[in-house]
Amino acid sequence: MEENNTKDEIPGRSLNFIEEIIEEDLRSGKNGNRVHTRFPPEPNGYLHIGHAKSICLNFGLGKKYNGKTNLRFDDTNPVKEDVEYVDSIKEDVKWLGFDWEDREFYASDYFEQLYEFALILIRKGKAYVCDMSADEISETRGTPTRPGKESPFRNRTVDENIDLFSHMRAGEFPDGAKVLRAKIDMSSPNMHMRDPIIYRIIHTSHHRTGDTWCIYPMYDFAHGQSDSIEKITHSICTLEFEVHRPFYDWLIQEIGIYAPRQIEFARLNLSYTVMSKRKLLELVQNKFVSGWDDPRMPTICGLRRRGYTPEAIRNFADTIGVAKRDNVIDINLLEFCIREDLNARASRVMGVLNPLKIVLDNFPEDLVEEMEAVNNPENPSAGIRKVPFSKELYIEEEDFMENPQGKFFRLSPGKEVRLRSAYIIKCESVIKDPISGRIREVHCTYDPLTKSGMPESNRKVKGTLHWVSVKHALKAEIRLYDRLFTVENPDNAEEGKTYIDYLNPDSLQVKTGYIEPSVKQVLPLDKLQFERLGYFSVDYDSTAENLVFNCVVTLKDKRPK
RNA sequence: UGUCCGAUGGUGUAAUUGGCAACACGUCUGCCUCUGGAGCAGAAGAGUCUAGGUUCGAUUCCUAGUCGGACAACCA
């Protein structure tokens, strides 16, 4: 896979705490110089920017230490999982620029093995079949501060347990009738050690194993052992699994298999959005957004549709770093990353979102001049293009003020302004609608000696405006986005409210814009900078007849702080 | 009330493992500019949660406390 210009290999940069652990293990020869990580999603939802952090971390570490990274689906719950999700996850990881080669695994690949592991536990007297209901189990589990009570089925004989467990597998019991539990310690201060359930009965067909199984391992019984089976050296996961680690260690120990080292890091939180799968799903289901890939969503597919690039996301992941303390990253940083990337690579183009007609009184009626415009001042090799210029133009409504006050450097009566890549023009008069008083058009004169590139063109004027020729401009649908939520932390809702109450009603604004004709051939996901406005990406809905652009980010955040 | 984890400018991450805190974003100022973008130059902003202890010396080690987070799905 193509190595991109992600700046994740800055020499001399200090190591994060995970790299430190890895290098320590490398020095001590712990895994015979191997570094092997994995990204282990459950296929029950779409990936979001938080997952991107984990993906970049895991695959980044694999790459950095010349190791390997697996993609493994932890598909232990058939009622919530679906191939739709595995496909989207694969697409997103690939799009982010990572390659798991031939190591696409599934916890369901290990079901038989996991069943054997359960048998080992039973034979050792470390697991038992329990007939209590879900409610009873939950009642006897105790609380974090109060010990639980032992199940009356806790002391069944090994033979009875083996027998019962095989009948569970054979489908002789209905859902919920029995579970297999690890036999550890009902009074452990760690709730996860109070005889946790390791197998439950679910008569639902699985997206990969079909109806082969009607008992499924719990995540906690599958995850650690799957890592072990895959000989993962460093199992990197988020903080909430820290409390599970003692149980994973116990299992590995009792079963007697290879022990990966689990390292937990703090998950990503982004301001002005929500990150939980459940909430994102609600936004989709309740139609607050158009779908998982709505450009306002923090999902990978949403960001992709919005116009984010894999490079920008990887740089973002690299910039935020990784540590154990809770964090909330300012969404401005994400925006900074995409601006930085697009500034270097997006071609500049002119487009007007709120048109105001300009008539150049001294410009020949039918003349069309082809103006040469630089495609990207940051990158001369991007070349130049021609932009038609004629007597009637559109400029941005807000670039004209009849009675300017203060530091207004744009067009106003009697004042001069530069039209980007074209001429300097002077405002002569304003024509208004006699009834509404609205400005209908602005009459100007142009100075023929000031054409861009001509010797006389260096005269200084304070402002430079973008423009488009009325009769050449292409109409386009422009979708402007604002933050999905009005508050920094929608999760932290006040009494009686939920995050839904903080949805920004103005997060989507659709406009008809006029764009220079050079954009005629754009394809979905093409990136452009509309000069002085922002970066835009062609939407999937765009066709040759109906261009549709998404605003990725404006050039500079003008939002009051 | 228990166990585990964490605490460094506004935000995030560092500090060569004990030698008086750095980088990025943001903010501010100036320069430059045919994008009020970008770029360039500079500045402000934390004495590292608190109190003790060890030490010549502590952001780094120890103790206690404070605050924040995680944990009581047959979810992951």
Pairwise [atom1] distance, [M] and [N] [rounded to whole Å]:
| N | M | atom1 | result |
| --- | --- | --- | --- |
| B:G6 | B:U50 | C1' | 16 Å |
| B:G10 | B:A73 | C1' | 39 Å |
| B:A38 | B:C28 | P | 12 Å |
| B:G19 | B:U59 | P | 10 Å |
| B:C4 | B:A72 | C1' | 15 Å |
| B:G9 | B:G47 | C1' | 10 Å |
| B:C23 | B:A15 | C1' | 10 Å |
| B:U35 | B:C25 | C1' | 23 Å |

Taking atom types as modelled and ignoring hydrogens, do the side chains of [X] and [Y] form a donor-acceptor contact shorter than 3.5 angstrom?
| X | Y | result |
| --- | --- | --- |
| A:Q262 | A:E264 | yes |
| A:Y219 | A:E42 | no |
| A:Y423 | A:D447 | no |

Is it true that a side-chain atom of [X] and a backbone atom of [Y] form a donor plus acceptor pair closer than 3.5 Å?
| X | Y | result |
| --- | --- | --- |
| A:R418 | A:V461 | no |
| A:Q529 | A:A346 | no |
| A:R532 | A:T464 | yes |

Dump the pairs, protein N or O against N or O of nucleotides 14-17 of chain B, anything under 3.5 Å, distances to one decimal.
unit_1, atom_1, unit_2, atom_2, d
B:A14, OP1, A:V322, O, 3.3
B:A14, O3', A:S14, OG, 3.4
B:A14, O2', A:S14, OG, 2.8
B:U17, O4, A:E20, OE1, 2.9

> Tell me, which stems hold RNA chain B, with a stem being 3 or more Watson-Crick or G-U pairs in a row and both distances under 3.5 Å?
Replying inline: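 Runs of three or more consecutive pairs: B:2-7 with B:66-71, B:10-13 with B:22-25, B:27-31 with B:39-43, B:49-53 with B:61-65.
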> Does A:K451 or A:Y535 map to a spot on RNA chain B nearer the 5' end, using the closest nucleotide for each?
Replying inline: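 Of the two residues, A:K451 wins.
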Between [N] atom [atom2] and [X] atom [atom1], what is the distance in whole Å?
| X | N | atom1 | atom2 | answer |
| --- | --- | --- | --- | --- |
| A:E488 | B:G12 | CD | C1' | 13 Å |
| A:E378 | B:U33 | CD | C1' | 11 Å |
| A:L333 | B:G26 | CG | C1' | 10 Å |
| A:N343 | B:U33 | CG | C1' | 14 Å |
| A:I395 | B:U35 | CD1 | P | 17 Å |
| A:E264 | B:C4 | CD | P | 14 Å |
| A:N376 | B:G39 | CG | P | 13 Å |
| A:R420 | B:C34 | CZ | C1' | 5 Å |

> Could you walk me through whether A:Y535 and A:E335 pass the side chain to side chain donor-acceptor pair (under 3.5 Å) check?
Replying inline: CA-CA 11 Å; A:Y535 295 99; A:E335 297 189 340; over 6 Å; no
Report the distance from atom [atom1] of [X] to atom [atom2] of [Y], rounding to the nearest 0.5 Å.
| X | Y | atom1 | atom2 | value |
| --- | --- | --- | --- | --- |
| A:E396 | A:L465 | CD | CG | 9.5 Å |
| A:T37 | A:L57 | OG1 | CG | 9.0 Å |
| A:N44 | A:D74 | CG | CG | 10.5 Å |

> Just by protein heavy atoms under 4.0 Å, how would nucleotides 44-49 of chain B read 5' to 3' in B, S and -?
Replying inline: ------
>> For a quick check, with a 4.0 angstrom heavy-atom cut-off, what is the B/S/- contact string for nucleotides 64-76 of chain B, read 5' to 3'?
In response: -----SSSB-BSB
>> Check the orientation of A:F536 and A:F549. Use parallel for under 30°, tilted for 30 to 60°, and perpendicular for over 60°.
In response: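 It falls in the perpendicular class, over 60°.
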Mind checking [X] for me? I need base, sugar-phosphate or nothing, with any heavy atom below 4.0 Å counting as a touch.
| X | value |
| --- | --- |
| A:G453 | base |
| A:P377 | base |
| A:Q529 | base |
| A:V328 | sugar-phosphate |
| A:R194 | nothing |
| A:R410 | base |
| A:F408 | base |

> ring-ring contact (aromatic ring centres under 6.0 Å, His included) between A:Y128 and A:F153: does it pass, once the steps are laid out?
Replying inline: CA-CA 7 Å; A:Y128 62 96; A:F153 306 98; 8.4 Å; no
> Does the gap between the ring centers of A:Y85 and A:Y46 come in under 6.0 Å?
Replying inline: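 Here the rings of A:Y46 and A:Y85 have centres that are less than 6.0 Å from each other.
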> Does NZ or CZ of A:R169 fall inside the cone over A:Y115's six-membered ring, less than 6.0 Å from its centre and within 45° of the axis?
Replying inline: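 Judged by the rule (NZ or CZ under 6.0 Å from the ring centre, within 45° of its axis), A:R169 counts as positioned above A:Y115.
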> Residues in salt bridge (charged side-chain N to carboxylate O under 4.0 Å, His left out) with A:D330, at least two apart?
Replying inline: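 Not a single residue meets the salt bridge (charged side-chain N to carboxylate O under 4.0 Å, His left out) criterion with A:D330.
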> Applying salt bridge (Lys or Arg N to Asp or Glu O under 4.0 Å), which residue pairs with at least one partner in residues 369-382 of chain A are found, sequence neighbours left out?
Replying inline: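 Matches after skipping sequence neighbours: A:E369-A:K451, A:E372-A:K386.
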Would [N] be called syn or anti, given that syn covers angles within 90° of 0?
| N | result |
| --- | --- |
| B:U17 | syn |
| B:A73 | syn |
| B:G47 | syn |

